[in-house]
Every structure is written in C-alpha cells, then in structure tokens.
Number of protein chains: 2
Amino acid sequence: MDLDEIDLQILALLQCDASISTELVSQHVGVSKTPCWRRMQRLEKLGYVKKKVALLDADKLDLGVSVFVQIKTNRHDASWAEELTDVINDFPEVVEFYRMAGEYDYLLRVLVKDISAYDEFYKKLIRSTSLTDVTSNFAMEQIKYTTEVPLAAPKI
Amino acid sequence: MDLDEIDLQILALLQCDASISTELVSQHVGVSKTPCWRRMQRLEKLGYVKKKVALLDADKLDLGVSVFVQIKTNRHDASWAEELTDVINDFPEVVEFYRMAGEYDYLLRVLVKDISAYDEFYKKLIRSTSLTDVTSNFAMEQIKYTTEVPLAAPKI
DNA sequence: TGTGAAAGCCGCCAACT
DNA sequence: AGTTGGCGGCTTTCACA
C-alpha cells in the first residue's frame, strides 16, 4: 500500500467532509497547499477516493425502513449469479447486496417507506427470478450508519 | 414534505455526485444559477442533505471483509440499550447498527481487514458488555453498495 | 423567481528549493 | 518530496426587476 501517514489523514478528513477546502486540509495535515492538492489528486486518480456524494436524510424523505433479506438458492452456477446481480442492480430499493458464507447465500438491505412498500418490492423480486428461500428481517431503528471506513490512521 | 420536483431532482443529483457545480445542477433542473443555489442552501439548512462525504475504496485500504453480527439479549431496559449504543458508537469497525424486529434484537455490520481482525473485534465486543447470543455471518463479496436513497423523483 | 454583476476564495499551475 | 506566488474561474452574494 503506497500511502503514508499524511495520505491516510487526508482520507480520514475527506470521508468525514468532502467539501473541505484544500487549504484547510493542508493545515490539518501539516503540509502546504500545493503538495496537499497533489496528494488529493493522486488519491482520486488511484481510486482510493471512489466518489464524493451527498448523504440524504432518509427519514425526512419518508424512507425510514430498512429490511434485511436473506436469500437461499439451489442454483450455484455463474450465469444464475450474474442474472441475480443484474436483477438486483435494477432495484433502487436495494442499497446493499452481499454474497454470504454460511447458511444463506445472499443478503440484501432494502430501503423502503413502510411495510406495504416492502411487500411490493418482495413481489417484484420473487417474480423476476427464482429463489428457494427468502427471509425478511425488519429493522425498527437505525442506531448507527456511517460511510467512514475504520482507517488505521489517528483520528483528527 | 415541502419539496417540489425540482428539489427532488437536485437531491438526486447531489447524492450521486456532491462535487457537481451549482451551474451544472441549474442546467439539469432547468432553473438559473442563483435560485438553484438558494434551493441547495435550503436543502442543507433543512437537513435533507445531512453531509457531503468522500466514499473510499475499502478493498484498496485492506478492509475487504464485512461481517454481519446478530445479537440477542435478555435485557430489554432502556439503560442497557443506551449502554450498548455508547459501546457500539465507540467502535469504528461497526459501520451500521440496527435494532431489529423478530428473533434477533440487534444487527451490526462490522468492517474489518480479515477474519483474525474480526476475532479481535469480537473479543473486544463481548468484553465490553453482556450479550446472551452473538451470531456472525461473513460476507464473501460486496456486490452492491450505494448511499443513494430511492427517490420517487425521475432519474436524470 | 430570474438577471447581472461584484467580491473573494479556491483550485490549479509555474518556477524554484 | 517540499514551498511560495499568482492567474483565472467559479462560488457566493447582493441589488434590482
């Protein structure tokens, strides 16, 4: 990994606030504007920073319910997995999608307005591909949600 | 909800790319610069935009393993729940934390480097509070991950 | 809401250590 | 790798229709 301490500090700052100016970043990490700017450019070009996004308040937008959906299948060929991936990617309600080890094959997090909106999603899902077993677990409350990855770098 | 179509379009753009300039936003949504800027200010002030962040590449930073941890407890009083919340919030490895309906009481997503890093986390967790049942499910692959909430607004 | 325009900061580059 | 200096442009703001 070709990152030094300063790079990690820059990443820590940016993943906390992407709209911070180069000048402020440079002051925090203790180098002057230009090298700091060059580092930031490099971190983007190398893909350490994937994108900069605005995080919206899901509750305010009436999307307060997360549902975790565990999926089991008996088809384990590559083409079916690809099909499932395509299907899932077309659902904007699915915000996370994992292939799992263990009992269940896949795990989804689905973000919807309420239970009936989830039911609509569920019907769409089982209609669009063949699944052996689908188990839904409802979240009552989102206690923590962060996009910040746990960097080894010291917190600023 | 005091948002019109234009506001929703602005939100859709910003949650896809927060570094887009006011001018580009204004062109996309069909109003001129200043009113568009005023809307964007308003959306932030009202809290629809919570923050702007950089999304980092977890794989590149050697944090490729997500573990979903289901927690069961027999203590259902408010003070214990608060204690758990505090404990969890102090773990940077825990990137998501939900109170669940159904069999399990809580669900965590923990982001770590590898299995042994997870084991370290696990030991820290069970040491810091009393839990009746902890089940860990490992994700082999993150197929989809987005911070974009499914807005009713038309995709741009 | 839209227009226009001023002020200022910021990203960006050049020349040098 | 770092610094210093500066140009150009965009963001931000205000005044007014």
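Computed from a predicted structure; not experimentally measured. Naming: A, B, ... by sequence-line order, numbering from 1 per chain. Note: hydrogens, waters and symmetry copies are ignored here, and every other heavy atom, side chains too, is used.
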- request: Taking only Lys NZ, Arg NE, NH1 and NH2, and the carboxylate oxygens of Asp or Glu, determine whether A/E44 and A/K52 approach each other closer than 4.0 Å.
  value: yes

Side chain of [X] - closest among [options]:
X: B/S32; options: C/dG2, C/dG11, D/dT4; value: C/dG2
X: B/P35; options: D/dA1, D/dT11, C/dT3; value: C/dT3
X: B/V31; options: C/dC10, D/dT3, C/dG2; value: C/dG2

Nearest-Å distance, [atom1] ([X]) to [atom2] ([N])?
X: A/R42; N: D/dG2; atom1: CZ; atom2: C1'; value: 15 Å
X: B/L24; N: D/dC10; atom1: CG; atom2: C1'; value: 11 Å
X: B/K45; N: D/dT13; atom1: NZ; atom2: C1'; value: 14 Å
X: A/E23; N: D/dG6; atom1: CD; atom2: C1'; value: 14 Å
X: A/D7; N: D/dG2; atom1: CG; atom2: P; value: 9 Å
X: A/L3; N: D/dA1; atom1: CG; atom2: C1'; value: 16 Å
X: B/R39; N: D/dT12; atom1: CZ; atom2: P; value: 17 Å
X: B/M40; N: D/dC10; atom1: CE; atom2: P; value: 15 Å

query: Do A/E96 and B/Y145 have a side chain donor and acceptor closer than 3.5 Å?
result: no

query: With a 3.5 Å cut-off and no angle check, do the side chains of A/Y98 and A/D105 form a donor-acceptor pair?
result: no

Near-ring test A/Y118/A/F138, centroid separation under 6.0 angstrom: yes

- request: Establish, yes or no, whether a centroid distance under 6.0 Å links the rings of A/Y106 and A/F97.
  value: yes

field: Side-chain N or O of A/W37 closer than 4.0 Å to phosphate OP1/OP2 of C/dG11
entry: no

task: Please state whether the phosphate of C/dC12, meaning OP1 or OP2, lies under 4.0 angstrom from any side-chain nitrogen or oxygen of A/Q41.
output: yes

- request: Assign B/T34 to base, sugar-phosphate, or nothing according to its heavy-atom contacts below 4.0 angstrom with the strands shown.
  value: base

query: Starting at the 5' end of DNA chain C, which residue's closest nucleotide do you reach first, A/R38 or A/K33?
result: A/K33

